[in-house]
Enquirer: 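Quick one: the structure is below, and I'll ask about it shortly.
Only this structure's heavy atoms are used, side chains among them; waters, hydrogens and symmetry mates stay out. Below, chains carry the letters A, B, ... as their sequence lines are ordered, and counting in each starts from 1.
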2 protein chains.
Amino acid sequence: MIVTKAGRRMFPTFQVQISGMDPAAEYVLLMDFIPVDDKRYRYAFHSSSWLVAGRADVAAPSRMHFHPDSPARGAQWMKQTVSFDTLKLTNNLLDDNGHMILNSMHRYQPRFHVVYVDPSPNSHLQACRNFCSFSFPETRFMAVTAYQNHRITQLKIASNPFAKGFRTTDPKDWGMSISESIYFFIFIKLALWI
Amino acid sequence: MIVTKAGRRMFPTFQVQISGMDPAAEYVLLMDFIPVDDKRYRYAFHSSSWLVAGRADVAAPSRMHFHPDSPARGAQWMKQTVSFDTLKLTNNLLDDNGHMILNSMHRYQPRFHVVYVDPSPNSHLQACRNFCSFSFPETRFMAVTAYQNHRITQLKIASNPFAKGFRTTDPKDWGMSISESIYFFIFIKLALWI
DNA sequence: AGCTTTACACCTAGGTGATAAGCT
DNA sequence: AGCTTATCACCTAGGTGTAAAGCT
């Protein structure tokens, strides 16, 4: 994923389809990003692979991204796919726009959190029971300021509508289904929770 | 104001600046539109004026437009000007997009409502005390499907950024301050209320 | 004749990777 | 040398009034 000083959207967007919520109860949906390991990476062109380049830089300030529709009722969240398309990534440690701060050349794991807004007066006593997190290893990515791998660049150009200006061949001529192969489209069952 | 089948934004946008709310309390902000009278109008080109053209058509279904940030705390509402720029007007009586339905060639009064979200258990008993409405006569307008008065057209072209393509003269050359003369920018004091 | 609808050129606003310059 | 930043052309997405066609 590209990170910029001004903030860059993720592509593909992190999306979840939710079921099993109480339709009438209120929930807050959040995301954050945790380092996969304590390493800094560099890309080796000759071998087309990422190599460890030492210990991680000092950790970027950790932030939570509230889905802008939060809080909302379960019925609303389950009605359609929930998309975190307003979330932006930045490498600016002093960012003042509420973007998610990441270190470039480091690997991250997106996390998705659901918080049940408990209306009962003593809800703080069992706050831990009203909170649930999900991590999908297939959504891990490397933060970069410029693409290192030309095949990733071509994949983004072929699939992101905003990069259509850089397309040379018709994406329909591709042998694989891009949307099936890379989209962060995840189905979550909360049936056994709360 | 132009009304279309698909829905058209108001221009200028209805905006309010609020003070006097309880910063910690929650409020819902709404708008609706009521007919100014029971008449249908037509425009007389030769006299450049609106004439009564009979009784009003059957009233369009009345709807409420919730400000999309609702509900929010008083502190949030008072922090900056509240703008109803996502509100759209339509003449489609069967509209399914949640737009405000108006009859063309009829005159309307926008209304602004503030609802205090009372957390107390018996709040419904005094619901009428938690509700307050404001009407500003200077924001009245005629709903039309096409502009009838060329001076209104020129005013919109001169002041709406999206109509810049139709400008012939630099709006800075105008003698009057457009923003001062036509903007629905209203200051509201709620200090004596609730 | 008078009002409404549709297609359109021309904007605003902002999301892309490419490119070259800048930094360490 | 390797990574970052700023600028750019080229898109998407959608808000304007216009003009011609459609409707009643």
Enquirer: Going by heavy atoms closer than 4.0 Å, what residues in residues 45-63 of chain A are next to DNA chain C?
Expert: none
Enquirer: How would you summarise protein contacts on nucleotides 12-24 of chain C per nucleotide, using B for base, S for sugar-phosphate only and - for none, with heavy-atom distances below 4.0 Å?
Expert: B-BBBBS------
Enquirer: Answer with yes or no whether the side chains of A/Asp57 and A/Asn103 bring together a donor and an acceptor at under 3.5 Å.
Expert: no
Enquirer: Nearest whole Å is fine: how far is D/dG2 P from A/Met105 CE?
Expert: 10 Å
Enquirer: In whole angstrom, what separates A/Asn103's CG from D/dC3's C1'?
Expert: 13 Å
Enquirer: Restricting to salt bridge (Lys or Arg N to Asp or Glu O under 4.0 Å), what partner residues turn up for A/Asp37, sequence neighbours left out?
Expert: none
Enquirer: Measure from CE on A/Met142 to P on D/dT4 and round the result to the nearest Å.
Expert: 12 Å
Enquirer: Would you please name every residue forming a salt bridge (Lys or Arg N to Asp or Glu O under 4.0 Å) with A/Arg42, sequence neighbours left out?
Expert: none
Enquirer: Just to verify, what does B/Phe66 make a ring pair (Phe, Tyr, Trp, His ring centres under 6.0 Å) with, not counting sequence neighbours?
Expert: none
Enquirer: For B/His67, give me all partners under ring pair (Phe, Tyr, Trp, His ring centres under 6.0 Å), at least two apart in sequence or on another chain.
Expert: B/Trp77, B/Phe84
Enquirer: What's the CG-P distance between B/Asn92 and C/dT4, to the nearest Å?
Expert: 13 Å
Enquirer: Please name all residues satisfying side-chain contact (heavy atoms from CB on, under 4.5 Å) with B/Ala25, sequence neighbours left out, ordered by chain then number.
Expert: B/Asp22, B/Tyr27, B/Tyr116
Enquirer: Which residue pairs pass the ring-ring contact (aromatic ring centres under 6.0 Å, His included) test when at least one of the two sits in residues 35-55 of chain A, sequence neighbours left out?
Expert: A/Tyr43-A/Phe45, A/Tyr43-A/Trp50
Enquirer: Starting from the 5' end of DNA chain C, give me the residue, B/Gly165 or B/Ser104, whose nearest nucleotide shows up first.
Expert: B/Ser104
Enquirer: Looking at D/dA6, D/dC3, C/dC3, which one has an atom nearest to any side-chain atom of A/Gln148?
Expert: D/dC3
Enquirer: By the salt bridge (Lys or Arg N to Asp or Glu O under 4.0 Å) test, which pairs, at least two apart or in different chains, include something from residues 95-105 of chain A?
Expert: A/Arg63-A/Asp95
